[in-house]
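A, B, ... follow the sequence lines: proteins, then strands. Residue 1 opens every chain. The structure displayed is predicted, hence computed values, not measured ones.
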Amino acid sequence: MVDIQFVRENADLVQRKTKEKGYAVDVSKLLEVDVERRAQLTVTEELRARRNALTAEMKGARPTEEQIERGKQLKDEIVQKEATLSELEETYTQLLWQIPNITFDDVPLGGEEDSVEIKRVGDQPTGATDHLDFALARDWVDFERGAKVAGQKFYYLKGDLALLENAITQFALDFVIKKGFSFMTVPHMVNSRTAVGTGFAPRSSDQSDEYAIEGEDLSLIATAEMSLTGYHADEIIDEAKLPLLYAGLSPCYRKEAGAAGKHTRGLFRVHQFNKLEMYAFCLPEQSRQLHEMILNVEEELWQALGVPYHVVNIAAGDLGAPAAKKYDIEYWSPVDAKYRELTSCSNCTDFQARNLNIRVRRTDGTIEILHTLNGTAVSLARALVAIIEHYQTEGGTLEVPTVLRPYMSNKSQI
RNA sequence: GGAGGGAUCGCCUAGUGGUCUAUGGCGCCGCCUUGGAAAGGCGGUUUGCGGGCAACUGCAUCGAGGGUUCGAAUCCCUCUCCCUCCGCCA
């Protein structure tokens with residue numbers, strides 16, 4: 001959620017930014033409820049103060065009938081006021097949680113088409129075999145049996161392709177560790193507080209892209225970002241320890257509801273894939289720079305893998321609620337002759353951190369909400385698509401990118 | 001999955017209905033003392049939301065939520081997590 005203090009002081013700005021992101025939220029209604037709620041809170045607190053005073057008065061001696069009678073009356077009033085208060089709180093919270101994170105001013109306005117290319121690296125070759133046809137011909141992937149065993153969009157990776165996935169993972173892992181990220185494996189399920197707090201599940205309603213475990217307060221993670229964000233929930237971290245850089249490896253589970261019509265062939269959009277995610281907890285004043293740093297790591301990594309790409313500054317209307325700004329790296333697809341999403345890198349500022357109560361204690365003792373960022377190092381299924389499209393040879397084999405060879409028994413071809 | 005025991009302000013800890021506006025110790029901060037330090041003494045030290053220029057002050061917070069009561073850290077219920085034992089098991 002956003003900072004209510006900020007909303008109070010910048011109502012017009014918040015309303016505008018919210019609209020730009022495509023959210024229909026009545027900010028003035030929220031502020032109205034906020035005022036009511038605070039007034040009710042004051043009244044309730046005064047009554048509680050009177051109750052406390054009465055209790056103090058009764059200390060030591062046996063309470064008189066008159067005192068108990070006064071206490072009973074106070075209690076009734078308090079119960080009444082508290083009921084009204086909690087109703088107001090609920091309305092208030094509901095409205096507040098509808099407001100998405102405030103975008104930075106360098107985020108382009110508009111929808112998906114309005115995202116801005118800010119950089120292009122590599123050339124734009126065309127004419128390659130589709131990754132699925134290529135992989136099927138080598139018996140590297142089996143969607144039919146995936147469907148038999150689990151359902152549509154589940155798959156087996158086999159043989160050298162499975163080994164290649166492993167090699168990419170190892171390479172990327174070594175790469176980000178050198179960049180200062182601490183590796184960790186993470187829970188593959190999270191509770192609803194974490195799912196909601198990270199912005200992946202709505203606060204009330206089961207409309208979610210996550211797979212929920214029936215009868216449990218658990219969902220399969222859609223990304224390690226969820227587990228990584230929750231890692232420091234309810235903690236106050238000393239300023240000197242920031243930024244904290246983590247890299248989490250996990251499978252990602254997505255229902256991909258509503259993905260019909262989008263590019264869905266083969267491994268590009270599936271229900272389950274592995275991903276190595278970079279994550280940062282940092283001081284508010286560090287997050288802009290760290291965002292660029294994480295993007296830079298992504299770029300270096302994909303340059304090392306030799307895949308042409310461009311970087312896109314995602315437009316406001318295409319941003320998720322938690323992000324203040326997001327860069328996507330899209331690789332050039334020689335099959336489709338266009339750029340396709342490969343990685344993503346978001347600055348969520350204090351939005352997720354406020355939800356999950358993650359704070360920093362400054363050296364002067366003050367406490368504030370810290371900032372969080374996340375960025376894909378490699379999303380393995382898509383990485384395989386990109387590499388198959390770019391490294392196929394005329395002989396029908398796949399050249400192994402140079403940097404991956406040490407992780408592939410030094411093979412140059414598979 | 002079963003049985004039992006736990007969860008208190010950074011850490012340890014006292015606390016079975018009003019003297020808890022939560023004890024004591026450790027750590028930390030400030031002051032006194034000192035040539036300087038240590039020891040010692042005095043004071044302070046959870047977090048959140050309010051009021052006040054400030055000194056200061058109100059409410060909440062003893063794992064979470066609900067209940068009983070004039071009054072709950074304390075009693076009751078539900079849940080979460082931790083420990084021990086049993087069962088199961090990579």
Inset, instruction - In whole angstrom, give me the gap between the P atoms of B/G36 and B/A60. - result: 47 Å

Inset, instruction - Let me know the distance between CD1 of A/I78 and P of B/U69, rounded to the nearest Å. - result: 15 Å

Legend entry - Rounded interatomic separation in angstrom, taking CG from A/L356 and P from B/G48: 16 Å

Inset, instruction - Please measure how far the P atom in B/U8 lies from the corresponding atom in B/G4, and state the result in whole Å. - result: 22 Å

Inset, instruction - Write down the distance between CD (A/E235) and P (B/G10), rounded to a whole number of angstrom. - result: 13 Å

Legend entry - Nearest-angstrom distance, P atom, B/A73 to B/A64: 12 Å

Inset, instruction - Return the nearest nucleotide to the side chain of A/R8; candidates are B/C59, B/G50, B/C70. - result: B/G50

Inset, instruction - Using the P atom on both, measure B/C79 against B/C70 and round to a whole Å. - result: 28 Å

Legend entry - More than 12 heavy atoms from other groups under 6.0 Å of CD on A/Q289: no

Inset, instruction - Once you apply the 3.5 Å cut-off to both distances, tell me the Watson-Crick or G-U wobble partner of B/C81, or none. - result: B/G6

Inset, instruction - Specify the separation, in whole Å, of atom CD1 of A/I236 and atom P of B/C9. - result: 13 Å

Inset, instruction - Report yes if a donor N or O on one partner sits less than 3.5 Å from an acceptor N or O on the other, where the partners are the side chain of A/E45 and the base of B/G50; otherwise report no. - result: no

Legend entry - Whole-angstrom distance between B/A38 and B/G27, as gauged at atom P: 12 Å

Legend entry - Closest approach of A/R8 to A/Q5 (non-hydrogen atoms, all atoms of both residues): NH1-OE1, 3.0 Å

Inset, instruction - Using a heavy-atom cut-off of under 4.0 Å over every strand shown, decide if A/R361 touches base, sugar-phosphate, or nothing. - result: sugar-phosphate

Inset, instruction - Select base, sugar-phosphate, or nothing to describe what A/D217 touches, counting heavy atoms under 4.0 Å on all strands. - result: nothing

Inset, instruction - Could you please name the partner base of B/U34, counting Watson-Crick and G-U wobble pairs only when both distances are under 3.5 Å? - result: none

Legend entry - Gap between atoms CZ and C1', on A/R50 and B/G58 respectively (whole Å): 14 Å

Inset, instruction - Compare side-chain N and O positions of A/N52 against OP1 and OP2 of B/C59 and report whether any pair is under 4.0 Å apart. - result: yes

Legend entry - Nearest-Å distance for atom pair OH/P, residues A/Y92 and B/G50: 8 Å

Legend entry - Lys/Arg cation over aromatic A/Y331: A/R340, 6.0 Å, 45° cone: no

Inset, instruction - Would you kindly give the CG-to-C1' distance between A/L47 and B/C70, to the nearest whole Å? - result: 15 Å

Inset, instruction - For B/U47 and B/G63, measure between their C1' atoms and round to the nearest Å. - result: 15 Å

Inset, instruction - Taking only the side-chain heavy atoms of A/Q5 (C-beta and beyond), determine which of B/U47, B/G50, B/C70 contains the nearest atom. - result: B/G50

Legend entry - For the student: nearest non-hydrogen atoms of A/A280 and A/I294, plus distance: CB-CD1, 4.2 Å

Legend entry - Assigned partner base of B/A39, Watson-Crick or wobble definition, under 3.5 Å: none

Inset, instruction - Could you check whether A/R70 gets within reach of a base, just the sugar-phosphate, or nothing at all, counting any heavy atom under 4.0 Å? - result: nothing

Legend entry - Integer-rounded Å distance: B/A60 C1' and A/L85 CG: 11 Å

Inset, instruction - Using the C1' atoms only, state how far B/C26 lies from B/G51, rounded to an integer number of Å. - result: 36 Å

Legend entry - Side-chain heavy atoms of A/L370 within contact of A/R359, under 4.5 Å: no

Legend entry - cation_pi(A/R382, A/F268) dist<6.0 Å, angle<=45: yes

Legend entry - Atom CD of A/E300 with >12 non-hydrogen neighbours under 6.0 angstrom: yes

Legend entry - 5′-ward residue of the pair A/E69/A/I4 relative to RNA chain B: A/I4

Inset, instruction - Give the nucleotide from the list B/G58, B/U69, B/G48 with an atom nearest to the side chain of A/K75. - result: B/U69

Inset, instruction - Using the closest heavy atom to pick a nucleotide of RNA chain B for each, name whichever of A/R38 or A/E46 lands nearer the 5' end. - result: A/R38

Inset, instruction - Would you tell me if any nitrogen or oxygen in the side chain of A/R48 comes within less than 4.0 Å of OP1 or OP2 on B/G71? - result: no

Legend entry - Nucleotide nearest A/R51 (side chain, heavy atoms from C-beta), chosen from B/G58, B/U47, B/G71: B/G71

Inset, instruction - For B/G24 versus B/G15, give the span between their P atoms, rounded off to a whole number of Å. - result: 14 Å

Inset, instruction - Could you check whether A/L74 gets within reach of a base, just the sugar-phosphate, or nothing at all, counting any heavy atom under 4.0 Å? - result: nothing

Legend entry - Complement of B/U45, any strand, by Watson-Crick or G-U distances under 3.5 angstrom: B/G27

